[in-house]
Amino acid sequence: MLKLHPNYGFNTLAVHSGSAPDPATGARTFPIYQTAAYVFDDADHAASLYNLQSPGFIYSRLSNPTVAALEEKLATLEGGRGGTATSSGHAAEIIALFPLMAPGMEVIVADKLYGGTINLMGKSFQKFGWKAIFVDTEDPESFQSAITDKTRAIFIENLANPGGIVTDLEEIVKIANGAGVPLIVDNTLATPFLSQPLEWGADIVVHSTTKYLSGQGNALGGIVIDSGNFPWLGNPKYPSLSSPSAEYNGLIFSETFGDLAYTMYNHAVSLRDLGCTQSPMNAWLTLNGVETLPLRMERHCSNGLAMAEFLEKHQNVEWVSHAGLKSSPYFKLGKKYFPNGTGSLFSFGVKGGYESGIKLLESVELFSHVANLGDTRSLILHPSSTTHRQLTKDQQIASGAGPEVVRLSVGIECVEDLIADIDQALNNLR
Amino acid sequence: MPDSFIVNHDNYTDNYIRDILRSVHSIAIVGASINWKRPSNFVMKYLIQKGYRVIPVNKNSVGDQIYGQNIYPDLSSVKETVDMVDIFRPSKEAPQLVENSILIGVKVFWMQLELRNDRAAKIAEDAGVKVVMNRCPKIEYARLFGELGWSGFNTGVISVKKRRT
Ligand SMILES: Cc1ncc(COP(=O)(O)O)c(C=O)c1O
């Protein structure tokens with residue numbers, strides 16, 4: 001694990017970083033600044049803020065005190081230089097790429113991803129003229145052969161959807177370094193408690209904070225975290241950061257802000273213009289959520305693994321895909337990149353196919369039938385009858401969502417209660 | 001040389017930087033630009049706002065002023081006490097600038113982002129002058145005294161005290 005702070009460890013930082021007592025009131029829990037705009041001291045102060053000569057608040061589309069507290073907390077926990085919070089995980093993916101891409105440019109994207117990300121990058125990005133080149137998560141060589149002079153970034157999930165898949169991060173880092181492009185890692189399923197992609201040499205981390213970070217299924221949000229290590233200065237591939245910015249009087253972000261450049265740009269340009277800012281209320285819920293992240297993740301991981309081990313032995317289960325199982329092809333990579341556990345999202349195949357899948361989710365009593373993950377509550381999903389139902393059967397199978405597939409996001413309840421519930425539902429199938 | 005003086009120039013402690021920023025009052029900026037869009041001009045404006053006395057030095061702009069301060073051609077021409085020198089000049093000029101700084105009795109020699117010269121640092125430290133390299137005093141001030149957190153940056157500052165505003 002990265003050394004995040006000279007004096008303090010992860011759990012201490014999860015509680016304290018970013019959220020010191022409110023400087024205005026001394027309020028101990030960081031307050032919700034439910035505020036849109038901030039007064040200027042005088043005309044010169046206003047000019048300093050607009051010219052980016054001084055840090056400060058202008059308008060909450062660009063930055064807000066509560067949102068900034070969350071940004072600092074998560075940047076700290078990932079070992080990054082700075083963070084940009086967004087309205088959702090999807091918005092984080094767009095904001096992460098915004099300083100890097102331009103019409104006609106390409107991003108190399110791993111194929112084992114949250115389905116929504118595949119849609120966003122494969123289809124909607126075309127409207128920006130951004131081209132996503134999909135490659136095989138499990139085959140680093142496929143990343144290498146997709147590199148062109150138009151490549152501007154590589155995007156992967158670390159612990160990948162639909163659960164149980166581990167990406168060989170070090171191999172992809174080598175390819176990104178060789179190509180001179182930043183590697184962006186979606187660390188949603190692992191959280192910084194289980195893995196810090198920057199430690200392995202990734203450049204940028206994104207999250208859907210909607211999941212384990214907020215942790216209770218109550219706040220949409222996302223974040224982009226920058227390592228501060230990528231050499232933007234003088235780099236012609238990234239003119240947003242390396243050439244004079246007309247709207248800021250010819251300022252060059254990488255020259256004026258050094259290793260803060262990418263995060264400065266994301267507030268001063270990306271959020272200012274695209275407007276997909278996180279709300280103070282959601283940032284506040286997530287700030288509180290992150291304080292208990294270490295405790296929750298330990299329980300999520302132990303419950304998830306116990307459930308996977310139970311299912312693997314059940315007569316009505318065909319297979320279980322969980323990187324913590326010795327039978328998993330990802331077991332070794334899992335131990336390397338996720339020594340403290342591989343999360344609680346995984347899938348399994350139920351005997352009897354589609355009908356059994358439907359019957360199972362109708363007979364469980366503690367698992368909520370929900371298209372989400374990373375909640376305190378245990379969640380169950382049958383992709384082929386919900387998220388993947390528009391696809392043909394062949395497409396479903398190719399994307400890991402065949403008729404027999406059931407996905408679980410195991411919560412933090414008593415694991416024996418969860419196992420008993422799944423057991424009765426599985427036994428009920430015959 | 002006392003132990004406390006051995007500084008790791010790859011990784012300064014927050015206390016080292018904080019002590020410097022708290023102890024100096026007057027700062028000469030070598031390479032200060034009259035063009036308000038340049039980083040040196042940003043730094044000057046910010047440090048003045050924070051209450052420092054800032055003295056611009058730039059041999060190409062003698063006779064001009066920046067934020068009401070006369071520009072000096074070189075450090076030896078400055079007619080007042082200088083606590084710290086901050087340079088916006090290429091690293092290779094640092095040894096000479098250190099010599100000039102020692103002559104006028106500065107306590108801190110600071111080199112901006114992307115600048116580093118270990119030979120210059122050694123000369124300065126042997127003369128009892130503290131050195132900071134590859135950092136920006138504006139960013140460090142903002143980071144250590146709370147303002148950088150406003151922009152979502154990792155300040156490394158952990159505190160259970162109410163910060164003075
Ligand atoms: C790995 C991953 N990335 C991104 C997203 C998108 O995040 P959001 O729903 O917050 O937009 C999700 C889930 O929805 C996800 O699971």
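Letters A, B, ... mirror the listed sequences (proteins, then strands); counts begin at 1. Computed from a prediction, not measured in an experiment: that's the story for all the values here.
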* **Top contributor to chain B interface from His45(A), Arg28(A), Glu71(A) [non-hydrogen pairs under 4.5 Å]** => Glu71(A)
* Heavy-atom pairs under 4.5 Å with chain B, option from Thr84(A), Ile252(A), Leu4(A), Asp44(A) with the top count -> Asp44(A)
* Derivation of the side-chain contact (heavy atoms from CB on, under 4.5 Å) call for Arg38(B) and Glu255(A) -> CA-CA 9 Å; Arg38(B) 299 297 303 153; Glu255(A) 181 191 44; 2.7 Å; yes
* Structure fact -> Comparing Ser54(A), Gly18(A), Pro6(A), Ser19(A) against chain B, the one with the most heavy-atom pairs below 4.5 Å turns out to be Ser54(A)
* Asked: Does a salt bridge link Asp259(A) with Arg135(B), judged by any charged N lying under 4.0 Å from a carboxylate O?
  -> no
* **Heavy-atom proximity to chain A below 4.5 Å, by part of Lys138(B)** => side chain
* Asked: OH of Tyr67(B): more than 12 outside heavy atoms within 6.0 angstrom?
  -> yes
* Test Thr263(A) against Ser151(B) for side-chain contact (heavy atoms from CB on, under 4.5 Å), laying out the working first. => CA-CA 8 Å; Thr263(A) 297; Ser151(B) 313; over 6 Å; no
* State whether the side chain of Asn154(B) and the backbone N or O of Gly80(A) hold a donor-acceptor pair below 3.5 Å, judged by distance alone. => yes
* **Heavy-atom pairs under 4.5 Å with chain B, option from Tyr8(A), Phe57(A), Tyr248(A) with the top count** => Phe57(A)
* Main-chain N/O of Gly156(B) paired to His5(A) side chain as donor or acceptor, under 3.5 Å -> yes
* Where on Leu233(A) is there a heavy atom nearer than 4.5 Å to chain B: the side chain, the backbone, both, or neither? -> side chain
* Where Pro23(A) and Lys162(B) come nearest, the two heavy atoms and their spacing -> O-CE, 3.3 Å
* Of all heavy-atom pairs between Pro55(A) and Ala142(B), which one has the smallest distance, and what is that distance? -> CG-CB, 4.1 Å
* Arg116(B) CZ: over 12 foreign heavy atoms closer than 6.0 Å -> yes
* **Reported CG-to-NZ distance for the pair Asn51(A) and Lys37(B), which is rounded to 0.5 angstrom** => 9.5 Å
* Please state whether the side chain, the backbone, both or neither of Ser63(A) comes within less than 4.5 Å of a heavy atom of chain B. => side chain
* Glu72(A) side chain to Thr155(B) main-chain N or O, any donor-acceptor pair under 3.5 Å? -> yes
* **Part of Glu114(B) within contact of chain A (heavy atom distance under 4.5 Å)** => side chain
* Structure fact -> Interatomic distance, CG@Asn7(A) vs CD1@Ile158(B), rounded to 0.5 Å, equals 9.5 Å
* Who among His267(A), Arg81(A), Gln53(A) has the most heavy-atom pairs with chain B under 4.5 Å? -> Gln53(A)
* Asked: When the ring planes of Phe257(A) and Phe42(B) are compared, do they come out parallel, tilted or perpendicular, using 30° and 60° as the limits?
  -> perpendicular
